[in-house]
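Positions are given from 1, in the same order as the sequence printed here. All of these numbers come straight from a predicted model, not from anything done at the bench.
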Amino acid sequence: MTDHMIDSTLSELERYYDTVPRVGGARAEDFGPLTLFVQEGAGWQYYARPALDAGGGPGASAADVERVLARQRELKVPESFEWVAENSPSLRAAVEAAGLHVHAHPLMVLDQAAIPTPAHPEVRLFGADDPLLTAAVTVPALAFADPGTAVGEAGPAELAAATAAPEAAERRARVSGMLASGRTAMAAAVRDGVVLCSGQYNPVGDVAEVVGVGTLPSARRQGLALGVTAALVAQALERGARTVFLSAGDEDVARVYGRIGFRRVATALIAEPPA
């Protein structure tokens, strides 16, 4: 990508990040250079981020961040900020001055010249009524609890136990509704009736973000995440997506996504209270 293409893509992603919470049922609260998105009713809890039209003005200060944090605490929602480092370079210092810890993730966009990845034989697309949907929405939670790419302990037994928990049914209901409305799409790798890896993409116009791709820790290092991601990419492109992007967990994961044509264009930052 040329510098001009990267700048254009990052502007496109800014609009996407501002739109996703709104179509997901969140209201936007104005804090000057920052916008806090608050979910109305049940659903995914969103974040605060730079205001879409604040690029030409002064960046947010630590005092601005603290005002948003106070509001998040008042609402009892996660104290979380998300933004693109290259688009809002001064925000990191402000959130760190307010006491938050910043995580950095490679922000990657699919190269339009990438050769399509062959379909994985164990990967299929899921619908809103798929009988394995509860397991599919539960696998990423187990994956992200044991981050990295190394083979881990959690396997089918742990998945069965987690699937039986009440929060699994809540996740299923939320994702099923999103699938039915077209706000998300899901693919999963299934072997012998067990979901081993799953992920989603969320489309807004002709932009789609691949999210929540996670492999059951005991099933890692088998190419399942790439197979799921490739299936999501193929469907997103088939449905008219012009830009497909994702945030990789770390540099090792970014190298894996590079194998199917994703290229790093920037850094996604997430700020939260220290653990």
Side-chain angles (χ1 to χ4, degrees), residues 108-163 168 171-172 175-176 178-180 182-203 208-241 243-250 252-263:
M108 310 182 76
V109 172
L110 182 70
D111 188 333
Q112 293 183 350
I115 299 172
T117 303
H120 191 291
E122 295 177 307
V123 173
R124 63 178 174 84
L125 297 169
F126 272 44
D129 299 320
D130 196 290
L132 294 179
L133 184 58
T134 305
V137 301
T138 303
V139 164
L142 294 175
F144 300 146
D146 182 9
T149 60
V151 176
E153 295 292 328
E158 289 77 10
L159 175 59
T163 300
R171 281 194 296 265
R172 177 200 168 93
V175 173
S176 179
M178 293 176 67
L179 287 166
R183 285 175 42 221
T184 197
M186 171 173 276
V190 180
R191 182 182 301 157
D192 297 328
V194 177
V195 177
L196 299 180
C197 177
S198 68
Q200 297 168 238
Y201 77 81
N202 299 328
E209 181 182 17
V210 176
V211 298
V213 177
T215 302
L216 200 61
S218 66
R220 287 174 177 157
R221 305 266 178 155
Q222 300 180 41
L224 300 177
L226 284 185
V228 165
T229 302
L232 294 170
V233 166
Q235 189 189 60
L237 294 175
E238 182 180 304
R239 292 185 173 181
T243 299
V244 182
F245 76 102
L246 57 80
S247 296
D250 55 34
D252 288 338
V253 175
R255 281 190 283 273
V256 173
Y257 285 124
R259 297 177 195 163
I260 59 172
F262 282 90
R263 303 289 178 257

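Thr229 has its side chain within reach of Phe262: a pair of non-hydrogen atoms, C-beta onward, lies under 4.5 Å apart. Put simply, the side chain of Leu179 reaches to within 4.5 Å of the side chain of Leu133, judged on heavy atoms. When side chains are defined from C-beta on, Thr149 counts as touching Arg221, because their heavy atoms get closer than 4.5 Å. By the 4.5 Å heavy-atom criterion applied to side chains, Arg124 and Asp130 are counted as neighbours. Put simply, the side chain of Phe126 reaches to within 4.5 Å of the side chain of Val190, judged on heavy atoms. You'll find the side chain of Arg191 reaches within 4.5 Å of the side chain of Gln222, heavy atoms only. At a threshold of 4.5 Å between non-hydrogen side-chain atoms, the residues Asp146 and Glu153 do not count as touching. Between Leu237 and Leu110 the shortest side-chain heavy-atom distance falls below 4.5 Å.
Nearest heavy atom pair, residue Ala135 against residue Leu159, reads O-CD1, 3.9 Å. Considering every non-hydrogen atom in both Ala128 and Ser176, the closest pair reads O-OG, 2.9 Å. Residues Pro140 and Gly212 come closest through the heavy atom pair CG-O, 3.4 Å. Of all heavy-atom pairs spanning Val137 and Met186, the tightest one is CG1-CE, 3.8 Å. For the residue pair Ala236 and Val244, the shortest heavy atom distance occurs at CB-CG2, 4.3 Å. Residues Val228 and Gly199 share a closest heavy-atom pair of CG1-N, 3.7 Å.
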Carefully, step by step, assess Thr117 and Arg259 under the rule side-chain contact (heavy atoms from CB on, under 4.5 Å).
CA-CA 9 Å; Thr117 303; Arg259 297 177 195 163; over 6 Å; no

Please evaluate residues His120 and Leu226 with respect to the criterion side-chain contact (heavy atoms from CB on, under 4.5 Å), reporting the C-alpha separation (whole Å), side-chain torsions for both, the decisive distance (0.1 Å), and the verdict.
CA-CA 9 Å; His120 191 291; Leu226 284 185; over 6 Å; no

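Although no hydrogens or angles enter the test, the distance criterion places no donor-acceptor pair under 3.5 Å between the side chain of Arg172 and the main chain of Thr163. Side-chain atoms of Thr184 do not come within 3.5 Å of backbone N or O of Asn202 as any donor-acceptor pair.
The CD1 atom of Ile260 sits 12.0 Å away from the CG atom of Asp111 when rounded to the nearest 0.5 Å. Separating the CE atom in Met108 from the CZ atom in Arg255 is a distance of 10.0 Å, to the nearest 0.5 Å. Note: Arg263 CZ to Gln112 CD = 12.5 Å, rounded to the nearest 0.5 Å.
Listed by chain and number, the residues in a side-chain contact (heavy atoms from CB on, under 4.5 Å) with Pro156 are Val194, Leu216, Ser218 (sequence neighbours excluded).
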